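Some notes on the structure that comes next.
All figures in this text were calculated on a predicted structure; none of them were measured in a lab.
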Amino acid sequence: MDFLTLFGIYVAVVLTCIALVCKYSGHQQTLLGLILDKFTGIVSPWIPQCIQSVCYISMHRLFHQRNNFFLFLHLLLEVVVYGEFSYEVFGFCLDMGTSSISLSIPYVLLAVKSYLFYLCCSRDPGTLTKANHTAQLKVYQYDEKLFQQGVRCSTCQLLKPARSKHCRVCNRCVQRFDHHCVWVNNCIGAQNTRYFLLYLLSVCAMAGDIAVLTADMLLQAVLRTGLLHAHYIDEQGEQQPAGPIFIMQHLFLTFPRIVFMLGFLVFVFFLLAGYSMFHMYLALINQTSNEWFKGKGHNCQHCHPYSAHNCRTSYNPFRGFYHRGILKNLGEIFWPLCPAQKKEN
């Protein structure tokens, strides 16, 4: 099996995993989720009913019930990446003259990320209880668009404060609910959004730093062996210059685990970088993922093009009802509002 075949299988497996996460994590209208739905509809008639039932139960338990599977998967991937980096890349980089300070940065980032990961997993996201319910009703105004006054949670039987939502996975109402993250096995809400944002940034920095060190090691290996100026004999017996494909296959055959690790890190970096930018954008405009997905494509129910009634001037359909300026929005993330600190929007 050649390099391109293995790389194709690798990409297919990664995209399938992403599609499963997109489909079963609650955001089913993503492109990969729709592609997976269409593919499932085509192949499902050929799959025995017993296998379909097992798959449905497994997906339900993974994504719709609290479990530690993704916590263990997260730690396993981390151990594999750092094990490979420490076992092979670290030594190569030392031999090639990389400074020990540069090589120690990934381990510092690992310690920072682990602490933030622990906070995301262990800290209460802002659970609504009978004790704090009355006070939380006064923190945010109702926009009467996504959040209407007087609505009661059908499960908790409590009046829902503005920006709260009942998490079906954790079975609790959460203040300023953003989403339920399977990777930390916890909801992201008013009290732990700051830890989640810093956690995402630390993972991006960690993956990016290890990827840069690994790519530099492979580049130095290519330069030292003279592959850029090398030639090979093709099947017709003619001499050909070593191009990018030849160099990639040579690196794959020489450093297979390192090449796959680098590909995984680059993929994770860009995936999480995009996800981090999305959440930073939401933080800057004072929106949550829940509000963004619920409000996407919906116009204000109080405005009509043929009526004289319009929304209050503070309402902005692009920035959201709760936008109070960038600095105040970020301050609200890192210092969650309390009833005594409530300010007018």
Side-chain angles (χ1 to χ4, degrees), residues 2-4 6-11 13-14 17-18 71-120 183 195-232 241-277 280:
D2 61 10
F3 168 75
L4 294 179
L6 284 174
F7 184 75
I9 295 174
Y10 173 75
V11 172
V13 171
V14 170
C17 293
I18 296 174
L71 294 181
F72 296 141
L73 178 61
H74 171 275
L75 295 175
L76 175 62
L77 293 175
E78 206 166 75
V79 168
V80 170
V81 169
Y82 269 86
E84 181 62 25
F85 176 79
S86 302
Y87 179 68
E88 290 196 77
V89 179
F90 190 91
F92 278 115
C93 289
L94 280 180
D95 294 339
M96 293 176 182
T98 305
S99 67
S100 56
I101 296 178
S102 299
L103 292 174
S104 65
I105 291 178
Y107 299 98
V108 175
L109 292 174
L110 175 63
V112 173
K113 193 268 336 168
S114 299
Y115 177 66
L116 294 170
F117 179 70
Y118 168 76
L119 293 177
C120 289
W183 292 101
Y195 304 131
F196 182 71
L197 289 176
L198 294 174
Y199 164 71
L200 289 178
L201 294 176
S202 65
V203 175
C204 287
M206 188 173 67
D209 187 53
I210 297 178
V212 169
L213 290 172
T214 303
D216 181 64
M217 185 274 289
L218 293 176
L219 177 61
Q220 292 299 323
V222 170
L223 294 176
R224 292 191 177 193
T225 54
L227 280 176
L228 292 178
H229 307 287
H231 293 78
Y232 69 97
I245 299 298
F246 178 86
I247 294 175
M248 290 176 63
Q249 293 193 38
H250 174 80
L251 290 175
F252 174 75
L253 294 174
T254 309
F255 311 103
R257 295 190 301 271
I258 295 178
V259 171
F260 271 105
M261 182 190 74
L262 177 60
F264 173 75
L265 289 172
V266 171
F267 177 80
V268 167
F269 173 78
F270 282 106
L271 180 67
L272 288 181
Y275 191 60
S276 300
M277 291 176 63
M280 287 302 299

At what distance, to the nearest 0.5 angstrom, does [atom1] of [X] lie from [atom2] of [Y]?
X	Y	atom1	atom2	result
Tyr195	Cys120	OH	SG	9.0 Å
Leu213	Met96	CG	CE	12.0 Å
Phe264	Leu271	CZ	CG	9.5 Å
Leu265	Phe260	CG	CZ	13.5 Å

query = Hey, mind stepping through Leu223 and Leu219 against side-chain contact (heavy atoms from CB on, under 4.5 Å) and telling me if it holds?
reply = CA-CA 6 Å; Leu223 294 176; Leu219 177 61; 4.2 Å; yes
For residues 103-112, run the donor-acceptor check on the side chains, cut-off 3.5 Å, and write out each pair with its distance to 0.1 Å, sequence neighbours left out.
unit_1, atom_1, unit_2, atom_2, d
Ser104, OG, Ser100, O, 3.4
Ser104, OG, Ile101, O, 2.7
Tyr107, OH, Ser86, OG, 2.6

Closest non-hydrogen atom pair, [X] against [Y]:
X	Y	answer
Ser102	Asp209	O-OD2, 4.3 Å
Leu262	Ala211	CD1-O, 3.5 Å
Leu218	Ile258	CD2-CG2, 4.1 Å
Met261	Val81	SD-O, 3.5 Å
Ser276	Cys204	OG-SG, 3.5 Å

query = Does Val80 have any side-chain contact (heavy atoms from CB on, under 4.5 Å) partners at least two apart in sequence or in another chain, and if so, which?
reply =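 Result, side-chain contact (heavy atoms from CB on, under 4.5 Å) vs Val80: Leu76.
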ask   = With sequence neighbours excluded, what pairs up with Val203 under the side-chain contact (heavy atoms from CB on, under 4.5 Å) test?
value =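 Only Lys113, Tyr199, Leu272 meet the side-chain contact (heavy atoms from CB on, under 4.5 Å) criterion with Val203.
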task = Decide yes or no for Met206 and Glu78: does some side-chain heavy atom of the first lie under 4.5 Å from some side-chain heavy atom of the second?
result =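 Result yes, sub-4.5 Å side-chain heavy-atom pair found.
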ask   = Considering only heavy atoms from C-beta outward, does the side chain of Leu201 approach that of Leu197 to under 4.5 Å?
value =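 When only atoms from C-beta onward are counted, Leu197 and Leu201 do not touch, as no gap falls below 4.5 Å.
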ask   = For Gln220, which residues count as a side chain to side chain donor-acceptor pair (under 3.5 Å) partner, sequence neighbours excluded?
value =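 Applying side chain to side chain donor-acceptor pair (under 3.5 Å) to Gln220 gives none.
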query = Ser114: what forms a side chain to side chain donor-acceptor pair (under 3.5 Å) with it, not counting sequence neighbours?
reply =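 Testing Ser114 for side chain to side chain donor-acceptor pair (under 3.5 Å), a comparison that skips the adjacent residues, returns none.
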message = Checking Phe269 now: which residues fulfil ring pair (Phe, Tyr, Trp, His ring centres under 6.0 Å) with it, not counting sequence neighbours?
response =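 Partners of Phe269 by the ring pair (Phe, Tyr, Trp, His ring centres under 6.0 Å) criterion come out as none, since no residue qualifies.
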Test log, rule side-chain contact (heavy atoms from CB on, under 4.5 Å), inputs Trp183 and Leu73 = CA-CA 9 Å; Trp183 292 101; Leu73 178 61; 3.9 Å; yes
task = Using the side-chain contact (heavy atoms from CB on, under 4.5 Å) rule, take Phe117 and Leu71 through it: C-alpha gap first, then chi angles, then the decisive distance, then the call.
result = CA-CA 10 Å; Phe117 179 70; Leu71 294 181; 3.5 Å; yes
inquiry  = Take a 6.0 Å sphere around CE of Met277 and say whether it holds more than 12 heavy atoms from other residues, nucleotides or ligands.
reply    =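 No - once you tally the heavy atoms of other residues, nucleotides and ligands closer than 6.0 Å, there are 12 at most.
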